[in-house]
Amino acid sequence: MATTTLSLFRFDRTRARLWAFAQMGLSRGAMGRTPGLAFWKLLGSGTGEGFTPVPNTGVYGILCVWKDEVDARTAIAASKVHGRYRAMSDAQWTVYLQPTSSRGSWSAANPFAQTHAGDDGPIAAMTRATIKPSILMKFWGRVPGISKVIGADPNVMFKIGVGEVPWFHQVTFSIWPDAASMANFARKDGPHAQAIKAVRDGQWFSEELYARFNVTGQEGAWADIRHPILPLADPGPLALKDAS
């Protein structure tokens, strides 16, 4: 079954941060030549709770879609790009995901074909949008309230805001213990629900995608994970160099 991976890397040193920023352009060619890779994106991140317009120069990510989880684990271990990121970073974490639902498009395609019918165990939610230039200030004016609500929710196990292009291409990624807790958050009246209504009423996005996944595995470790998600697999080449 097709498997999606999100790999996050933390860079503490100034030289490493400059290197990681440069890789947003320099690693594109090598990513495109990676065997077995059906879809990929190099991602930056936001500061604070993650859902902010201010870039976090210390955290970058790689999103990939592979044939299946076995291929994914083998390919990530052998990938030259992932290997360079691991060597330069101070912490790494990869989460393995199987899509349970997906609608919309990302770069004119839907890369997350449903491979699993149920919402078992930890659930991950991903939203991706291209924001229309005319409503940038409106959109980012809503974000601090949404960020605060997500950060205060006791059920969210992990959350981060990432993107391809600052301000214009936004991706939110969160992990929840089950579908019920995620649905309960989405239904609450507040900044999140109000922003969703505004987006739908005003057609703020020129392209959008909403996907849900089962979390099937992880490697490495990440300091911002609030609750244990799954038992760690043998970390192998993704072993954390600095868990602090």
Side-chain angles (χ1 to χ4, degrees), residues 3-10 41 43-56 59-65 91 93-104 106 111-112 114 116 118-129 131 139-140 142-164 169-197 199 205 208-230:
T3 292
T4 298
T5 59
L6 176 62
S7 300
L8 298 176
F9 303 87
R10 194 189 81 232
K41 293 293 180 181
L43 305 168
S45 70
T47 55
E49 295 288 349
F51 307 101
T52 71
V54 181
N56 181 352
V59 174
Y60 290 83
I62 305 176
L63 178 75
C64 299
V65 178
W93 179 60
T94 293
V95 60
Y96 293 82
L97 310 161
Q98 287 187 350
T100 60
S101 65
S102 181
R103 68 180 188 276
W106 188 338
F112 308 121
Q114 180 178 335
H116 196 280
D119 290 328
D120 305 322
I123 303 297
M126 182 183 294
T127 66
R128 187 269 179 184
I131 306 162
F139 176 84
W140 288 111
R142 300 260 186 179
V143 166
I146 299 171
S147 181
K148 184 177 179 180
V149 170
I150 294 177
D153 193 295
N155 291 312
V156 66
M157 304 168 78
F158 177 75
K159 80 286 182 203
I160 192 169
V162 292
E164 306 150 79
H169 292 171
Q170 179 69 7
V171 180
T172 63
F173 180 80
S174 57
I175 298 178
W176 304 79
D178 49 51
S181 60
M182 184 171 65
N184 182 58
F185 170 80
R187 285 194 298 264
K188 286 181 181 176
D189 187 27
H192 182 262
Q194 293 166 11
I196 290 175
K197 185 179 186 302
V199 165
F205 301 151
E208 56 189 305
L209 179 141
Y210 303 89
R212 183 182 293 186
F213 307 83
N214 284 141
V215 179
T216 61
Q218 62 175 331
E219 292 176 324
W222 200 254
D224 294 333
I225 298 174
R226 293 184 176 179
H227 311 290
I229 295 173
L230 288 172

Enquirer: For the pair N214 (side chain) and T216 (backbone), establish whether a donor and an acceptor sit closer than 3.5 Å, ignoring hydrogens and angles.
Expert: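 No, the answer is negative, given that no donor and acceptor are paired below the 3.5 Å cut-off.
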Enquirer: Checking R212 against M182 for the side chain to side chain contact (heavy atoms under 4.5 Å, CB included) test, could you report, in this order, the C-alpha distance in whole Å, the side-chain angles of both residues, the deciding distance, and whether it holds?
Expert: CA-CA 10 Å; R212 183 182 293 186; M182 184 171 65; 3.1 Å; yes
Enquirer: With rounding to the nearest 0.5 angstrom, report the CG to OG1 distance, L97 to T3.
Expert: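 Rounded to the nearest 0.5 Å, the CG-OG1 separation comes to 8.5 Å.
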Enquirer: Please report the shortest heavy-atom distance between Y96 and Q218, naming the atom on each side.
Expert: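 Scanning both residues, the minimum pair turns out to be CD1-N, 4.0 Å.
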Enquirer: Tell me, please, which residues at least two apart from T4 pass side-chain hydrogen bond (donor to acceptor under 3.5 Å, both in side chains).
Expert: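 Partners of T4 by the side-chain hydrogen bond (donor to acceptor under 3.5 Å, both in side chains) criterion come out as none, since no residue qualifies.
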Enquirer: What pair of heavy atoms forms the shortest contact from F9 to W222, and how long is it?
Expert: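 Answer, listing the atom of F9 first, then W222: C-CH2, 3.5 Å.
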Enquirer: Grab the two heavy atoms, one from D178 and one from I123, that are nearest each other, plus how far apart they are.
Expert: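 So the two residues come closest at C-CG1, 3.7 Å.
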Enquirer: Is any side-chain heavy atom of V59 closer than 4.5 Å to one of I160?
Expert: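 A side-chain contact exists here, since the closest heavy-atom pair is under 4.5 Å.
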Enquirer: Within this structure, what is the OG-CD1 distance for the pair S181 and I175, rounded to the nearest 0.5 Å?
Expert: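 Here the rounded value is 11.5 Å.
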Enquirer: Should L43 and E164 count as side-chain neighbours, where that means a heavy-atom distance under 4.5 Å?
Expert: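 L43 reaches E164 side chain to side chain.
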Enquirer: The criterion is ring-ring contact (aromatic ring centres under 6.0 Å, His included); which residues satisfy it with F112, sequence neighbours excluded?
Expert: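 ring-ring contact (aromatic ring centres under 6.0 Å, His included) check on F112 returns F213.
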Enquirer: Once you round to the nearest 0.5 Å, how far does CH2 of W176 lie from CE of M157?
Expert: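 These two atoms lie 11.0 Å from each other.
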